[in-house]
Amino acid sequence: MRLSQYFLPTLKENPAEAKIASHRLMLRAGLVRQTGSGLYIWLPLGLRVLKKIENIVREEQDRSGAQEILMPTIQNADLWKESGRYEAYGKEMLRITDRHGKEMLYGPTNEEMITDLFRNNVQSYKDLPKNLYHIQWKFRDEVRPRYGVMRGREFLMKDNYSFDIDKEAAKISYDKMFVAYLKTFARLGLVAIPVRADTGAIGGELSHEFQILAAEGESTIYYDKAIESFDLKSLAEDISPDIIQKLQSIYAVEEEKHDADNCPVAKENLRIAKGVEAGHIFNFGTKYSEVMNAKVSGSDGSMIAVEMGSYGIGVSRLVGAIIEASNDENGIIWPEAAAPYKVGLINLGAKNEECTEACDALYKKMQAAGIEVLYDDRKAGAGQKFATMDLIGVPYQIILGPRGLKNNSAEFKIRKTGEKTEINLDEIVSKFI
RNA sequence: CGGGGAGUGGCGCAGCCUGGUAGCGCAUCUGUUUUGGGAACAGAGGGUCGCAGGUUCGAAUCCUGUCUCCCCGACCA
C-alpha cells in the first residue's frame, strides 16, 4: 500500500479523552475513530489488525476441532425468556422492538440461541461431542464504556459452545479450549496468565480467565511465580495433559479472591500484576440444557441433558491489549503476527527521481514476493516519515535515501529494538521471506 | 448508578467571572526556500461558539431546560 493513497488519519497531538496508552495510540495511529460512547469505526489500518487477530483465533479454533458458524446479532427475546435471563440480564442488554411489536435484543452472548440450535438438530449421544463457534459483534450496554476498544459497548468476540454427554467428556472439551487459548495468545506474542475465575452470571463450576499482563490492565491478579517457568509466550505447539494439569492447579486469582492470610503460596513466590482479561472459559454443566430441554438419548435410551461449556475471546479488545502490552514513547510496537504490515518502506528522497525509481522498484519487488509492505511515498520530510512509521509500529522498516542508494544499500531498522543495520538492496526481499 | 468535569474551525485550547458581533497553536491549501528524526517564510480557506427557550438595544459570555461526551468509583469479553 502506498501511504500517499491510504486513508490513514494520524494525529500529532494526544486526543484529550484518551487516558491510557492503547487508546491514545489507536487514535493517533489512525486505527479507529469514535462515533459514540463505546462505539468505534475501524479504519483501514485498524481493520487489518483486527482481521489478523481474528484469523489467528479462527485457526486455533479450527485446529482444536471446533466448527465455525455465524449467528445473527439480533435475537428473539423468547429464547431468553425461556432460560430466565431476559429478566436477569438487566440494563446491560440492549432491548429493541421490531415493527410488529416483537421483543428483540442485540445479543450480548449466544448461549440460548445455540442451545436452541442444538436441541432442534441433535438427538443422540452418538452425535457428541460438538463444539461450535462464531466470531460476531456483540453489544453490552456498559454503564461506563472506557479505554477505547478495550471496553467498548459494541465489540467483536469469538464465542464457542461445547456439548458433551457427561462431565468427563465436558472436561476434555474444556481442556481442549484451555490449550487452544494458550496457543492463540502465544501466537500473538502475549503472556496470558490463566486465572481461576468466578463463573458469575453464566454460572457453573469450572472457569478460567486469561489475563494479559499489561501495566494499565483493569484487573489485579495474584499468582505463583512458578507459572513463569512455563514460557507462556512460546507455548505454540504440543501441550501435554500434564502441563494442562499443572497450569490449572497453579495458584492464580484475581484480587478479590486473594486472601493474604490463607494463601498457599509463600510470600516470596507470589507475584502481583495488572492484567487485561482477554478470554474467559466456562464449564457450566446442564444449566441451560435443563431449562431449555436440550437432551439427547443415551446409549441406554434414557434422555440426558447435555453438559455444556462456553468460551470467549475478546477479539477487538485484543487489539487494545496488544498495544497496551507493547508500545514505547514513539508509538505502537506490533508483534509480527498482529502487525497490519510486516515492513514499512520509507523513501527519503521522494523528490529525487533516481531514489524514487529505486524505491518504486523495490516496492514492486516486495509486493510480488508477497511481502506485506506499507510504502511511504509521500513528499514529506524525513522526520515526519520516521515518526509516522514508528507511530504505526510496523515491525521492520526499510529506509532508502539518495545517500544509501549510491552504495546500493538501504537501512534496515527493527522497530522493537531500534537497531539499524545497512542492507544491500538485492538482499532485502529474501530477508522477509 | 453515585460523584466530578467538558462541549468554541479537523485536533489541542484561550475567551465566559466583568455581555459589544470570535482568537491562538497544530493540521489543511497556494507559492518560494528547504530536505537523514514531526522544517522556514509569505499568503489563503475553514467556526449559525452542542441544542432549545429566556433576559437584553445587543449573548460564546447571564438565566432555565435539554442532549452528548469524558474522568473517578461500583460492574463486565
Side-chain angles (χ1 to χ4, degrees), chain A residues 9-20 23-24 27-28 30 33-39 53 57 89-93 107-110 135-160 181 192 197-202 207-212 217-219 254 256 275-282 310-321 329-331 346-352 355 376 378-391 397 399-406 410-411 413 418 420:
Chain A
T10 56
L11 303 172
K12 200 165 164 181
E13 290 172 275
N14 280 326
E17 73 270 18
K19 187 79 182 160
I20 63 169
H23 189 194
R24 212 160 50 223
L27 293 168
R28 285 196 51 206
R33 284 295 179 266
Q34 184 170 351
T35 177
S37 184
L39 303 172
I53 296 171
V57 170
Y89 220 94
K91 288 188 174 173
E92 241 187 35
M93 186 153 75
T109 178
N110 288 65
I135 300 174
Q136 177 64 292
W137 292 91
K138 305 289 190 295
F139 190 93
R140 291 184 192 169
D141 199 357
E142 298 271 347
V143 218
R144 192 187 154 213
R146 67 184 109 172
Y147 303 144
V149 300
M150 294 235 284
R151 188 75 180 280
R153 290 196 292 177
E154 193 177 38
F155 57 96
L156 187 62
M157 180 163 111
K158 182 286 300 173
D159 46 321
N160 55 331
Y181 275 41
D198 277 325
T199 48
I202 297 185
S207 175
H208 282 89
E209 282 176 0
F210 288 79
Q211 294 278 353
I212 292 174
E218 284 192 82
S219 338
E254 275 202 80
E256 307 77 65
V276 175
E277 184 185 354
H280 203 156
I281 60 178
F282 299 91
S310 74
Y311 316 85
I313 289 181
V315 176
S316 49
R317 171 178 281 187
L318 271 172
V319 179
E329 64 280 3
N330 296 320
I346 295 180
N347 178 4
L348 278 187
K351 290 179 185 169
N352 173 311
C355 187
D376 193 345
R378 295 175 302 172
K379 295 185 172 28
Q384 203 180 119
K385 295 188 175 186
F386 292 138
T388 300
M389 209 53 91
D390 284 350
L391 175 64
Q397 298 175 15
I399 301 158
L400 180 53
R403 219 153 73 187
L405 189 59
K406 284 180 195 149
E411 215 165 66
K413 176 178 162 183
K420 293 183 204 173

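Numbered from 1 within each chain, the chains take letters A, B, ... in sequence-line order.
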Student: To the nearest angstrom, how far is A:K379 atom NZ from B:U28 atom C1'?
Tutor: 18 Å

Student: Could you tell me which nucleotide pairs with B:C69 by Watson-Crick or G-U wobble geometry, both distances under 3.5 Å, or answer none if nothing does?
Tutor: B:G5

Student: Say we look at B:A52 and B:C11: how far apart would their C1' atoms be, to the nearest angstrom?
Tutor: 28 Å

Student: Which base, if any, makes a Watson-Crick or G-U wobble pair with B:C75, both distances under 3.5 Å?
Tutor: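 In the structure as shown, B:C75 has no Watson-Crick or wobble partner.
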
Student: Would you mind reading off the distance between A:Q136 atom CD and B:A77 atom P, rounded to a whole angstrom?
Tutor: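 Answer to the nearest Å: 18 Å.
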
Student: Taking for each residue the nucleotide of RNA chain B bearing the nearest heavy atom, is the 5' side occupied by A:E218 or by A:E17?
Tutor: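 The residue mapped nearer the 5' terminus is A:E17.
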
Student: Please report the distance, rounded to the nearest Å, between CG in A:N14 and P in B:C26.
Tutor: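 Taking CG of A:N14 and P of B:C26, I get 17 Å after rounding.
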
Student: For the residue pair A:F210 and A:H208, categorise the inter-ring angle as parallel (less than 30°), tilted (30 to 60°) or perpendicular (more than 60°).
Tutor: tilted

Student: Rounded to the nearest Å, what distance is computed from the OH atom of residue A:Y147 to the P atom of nucleotide B:A77?
Tutor: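 That distance rounds to 16 Å.
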
Student: In whole angstrom, give the distance that lies between atom CZ of A:R33 and atom P of B:C11.
Tutor: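 Rounding to the nearest Å, CZ of A:R33 and P of B:C11 are 9 Å apart.
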
Student: Within the structure, does a side-chain N or O atom of A:R144 lie under 4.0 Å from either OP1 or OP2 of B:A74?
Tutor: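 So the side-chain polar atoms of A:R144 never come under 4.0 Å of the phosphate oxygens OP1 or OP2 of B:A74.
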
Student: Report the distance from atom CD of A:E13 to atom C1' of B:C24, rounded to the nearest whole Å.
Tutor: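 So the CD-C1' distance, A:E13 to B:C24, works out to 12 Å.
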
Student: When both hydrogen-bonding distances must be under 3.5 Å and the geometry is Watson-Crick or G-U wobble, what is B:U56 paired with, if anything?
Tutor: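 Check on B:U56: unpaired, no WC or wobble geometry under 3.5 Å.
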
Student: Please state how far atom OH in A:Y181 lies from atom P in B:A77, giving the value in whole angstrom units.
Tutor: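 Rounded to the whole Å, the gap is 11 Å.
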
Student: Is the shortest heavy-atom distance from the side chain of A:M389 to the side chain of A:K413 under 4.5 Å?
Tutor: no

Student: Quantified in whole Å, what is the C1' atom distance between nucleotide B:U21 and nucleotide B:U61?
Tutor: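 Straight-line distance between the two C1' atoms is 12 Å.
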
Student: When the C1' atoms of B:G53 and B:G9 are compared, how many Å lie between them, rounded to an integer?
Tutor: 27 Å

Student: Considering only the P atoms, how many Å lie between B:G7 and B:G12, rounded to the nearest integer?
Tutor: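 Straight-line distance between the two P atoms is 11 Å.
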
Student: Do the side-chain N or O atoms of A:S37 get closer than 4.0 angstrom to the phosphate oxygens (OP1, OP2) of B:C70?
Tutor: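 True: A:S37 side-chain N/O within range (under 4.0 Å) of B:C70 OP1/OP2.
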
Student: With heavy atoms under 4.0 Å as the rule, sort A:G152 into base, sugar-phosphate or nothing.
Tutor: base

Student: Quickly work out the A:E142 CD to B:C69 C1' distance and round it to whole Å.
Tutor: 17 Å

Student: What does the B/S/- profile of nucleotides 32-39 of chain B look like, 5' to 3', with a 4.0 Å heavy-atom cutoff to protein?
Tutor: --BBBBB-

